[in-house]
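For reference, the structure discussed in these notes is given below.
Heavy-atom basis, side chains included; hydrogens, waters and symmetry copies ignored.
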Amino acid sequence: MYKLVASDMDETFLDGEHHIPSPNIGALWRLRELGVLFVPSSGRGYRSILDNFEGVDPALLEGSYVVSYNGAFVYRYGNPEPLTEHHLDHDLAERLWELGVRRGLAMHAYDTDSHVFVRNVPKVEQVYLSSLKHIAPFEDEDLSRVPVLPKLIFMSEDFAWLHDFGRDVVQPMLGDKADITYSSGRYLEVVPKGVNKGTGLRDLARIAGVGIDETVGFGDSANDLEMIRAAGLGVAVANVSDDLRPHCDLILDTPADQGALPELVRRVIEPEHPGK
């Protein structure tokens with residue numbers, strides 16, 4: 001029986017404007033009635049994730065958890081002190097940032113307090129970032145003012161080029177200190193070695209006292225892959241990326257913008273609770 005749903009946020013649980021579609025609120029109440037925890041699992045920071053739940057009854061997440069920075073940090077809901085945390089090697093982050101500065105690339109650097117420092121982002125990305133809090137332009141040519149980083153992002157609208165850049169330029173720099181993943185059709189994410197949403201889900205299951213086979217991983221793109229693989233059941237929204245699609249146990253008919261959580265509850269969770 002599934003006891004926990006770990007859900008990606010952007011392009012999975014949220015719509016394109018970072019809002020929770022109204023059908024998903026009803027599905028959260030239904031999960032609560034059935035005794036199943038809903039756990040946000042995002043590449044963003046804790047405070048940024050909770051911003052999405054402003055105006056939502058806190059009872060919906062009471063007793064639950066939050067997984068942030070692609071699995072690097074796990075929190076109890078309502079407590080900003082992390083239960084687990086992993087950071088990028090700072091010397092490596094400095095070299096990557098300096099590489100991006102030399103090439104004039106769009107970049108995001110994340111600190112441990114949910115701030116996102118951005119450089120050279122194009123107008124289309126500025127529009128997207130304007131819907132988020134804790135975003136700050138950052139023209140520094142080094143990262144000395146950001147001493148601890150959970151992750152770093154390169155951004156390009158040319159996703160094919162970004163994959164080539166990741167393979168040919170970034171990956172050889174990482175050694176045994178970091179890994180890369182991709183998301184949202186425009187991000188190359190550099191994360192601590194061995195850290196991903198799958199390891200975050202395993203940490204979460206251990207902390208929550210839930211068997212990994214009793215978890216559902218819910219996502220849409222490549223940075224959700226290890227969570228989908230680790231979970232007892234891997235589920236994707238209808239707008240799933242082509243690189244994640246083959247690894248999912250179930251692909252829903254509903255896209256994120258329409259609120260896909262009710263379909264997951266109806267097809268996966270409720271059949272385990274007949275009569276409730």
* To do: Please report the C-alpha distance between Gln126 and Leu129 in whole Å, then the side-chain angles of each, then the deciding distance to 0.1 Å, and finally whether the side-chain contact (heavy atoms from CB on, under 4.5 Å) criterion is met.
  => CA-CA 5 Å; Gln126 292 174 22; Leu129 293 173; 5.7 Å; no

* Structure fact -> In Tyr75, Tyr65, Tyr77, Phe53, the residue satisfying ring-ring contact (aromatic ring centres under 6.0 Å, His included) with Tyr46 is Tyr75

* To do: Output yes when a side-chain donor or acceptor of Arg119 lies under 3.5 Å from a complementary backbone atom of Glu139, and no otherwise.
  => yes

* Would you call the rings of Phe138 and Phe117 parallel, tilted or perpendicular if under 30° counts as parallel and over 60° as perpendicular? -> tilted

* Asked: Under 3.5 Å, is there a donor-acceptor pair linking the side chains of Ser131 and His18?
  -> yes

* To do: Look at the aromatic rings of Phe73 and Tyr69 and report parallel, tilted or perpendicular, splitting at 30° and 60°.
  => perpendicular

* Flag yes if more than 12 heavy atoms outside Asp242 fall under 6.0 Å of its CG atom; otherwise flag no. => no

* Asked: Looking just at side-chain N and O atoms, do Thr199 and Glu226 make a donor-acceptor pair shorter than 3.5 Å?
  -> no

* Among side-chain atoms of His19 and Asn52, is any donor-acceptor pair under 3.5 angstrom? -> no

* Would you check if the side chain of His247 reaches a backbone N or O of Ala222 as a donor-acceptor pair within less than 3.5 Å? => no

* Under-4.0 Å salt bridge between Asp10 and Arg44 -> yes

* Mark yes or no: Lys151 above the aromatic ring of Tyr110, with NZ or CZ under 6.0 Å from the six-membered ring centre and no more than 45 degrees from the axis. => yes

* Would you name the heavy atoms of Gly217 and Ile228 that are closest together and state the gap between them? => O-CD1, 3.4 Å

* **Pairwise side chain to side chain donor-acceptor pair (under 3.5 Å) hits with a residue in residues 258-276, at least two apart** => Arg30-Glu270, Thr254-Glu263, Glu263-Arg267

* Step by step, would you call Tyr187 with Glu125 a side-chain hydrogen bond (donor to acceptor under 3.5 Å, both in side chains)? -> CA-CA 11 Å; Tyr187 295 141; Glu125 183 72 354; 2.5 Å; yes

* Taking only Lys NZ, Arg NE, NH1 and NH2, and the carboxylate oxygens of Asp or Glu, determine whether Asp176 and Lys193 approach each other closer than 4.0 Å. => no

* To do: Verify the distance criterion only: is there a donor paired with an acceptor across the side chains of Asp8 and Ser41 at less than 3.5 Å?
  => no

* Asked: Can Val216 and Leu4 be said to form a side-chain contact (heavy atoms from CB on, under 4.5 Å), step by step?
  -> CA-CA 6 Å; Val216 176; Leu4 185 154; over 6 Å; no

* Given the rule in the side-chain contact (heavy atoms from CB on, under 4.5 Å) test, do Val36 and Lys3 qualify, once you have shown the distances and angles that lead to the verdict? -> CA-CA 5 Å; Val36 177; Lys3 298 180 179 179; 5.7 Å; no

* Asked: With no hydrogens and no angle check, do the side chains of Ser184 and Glu11 hold a donor and an acceptor under 3.5 Å apart?
  -> yes

* To do: Return yes if a side-chain donor-acceptor contact under 3.5 Å exists between Ser156 and Asp158, otherwise no.
  => no

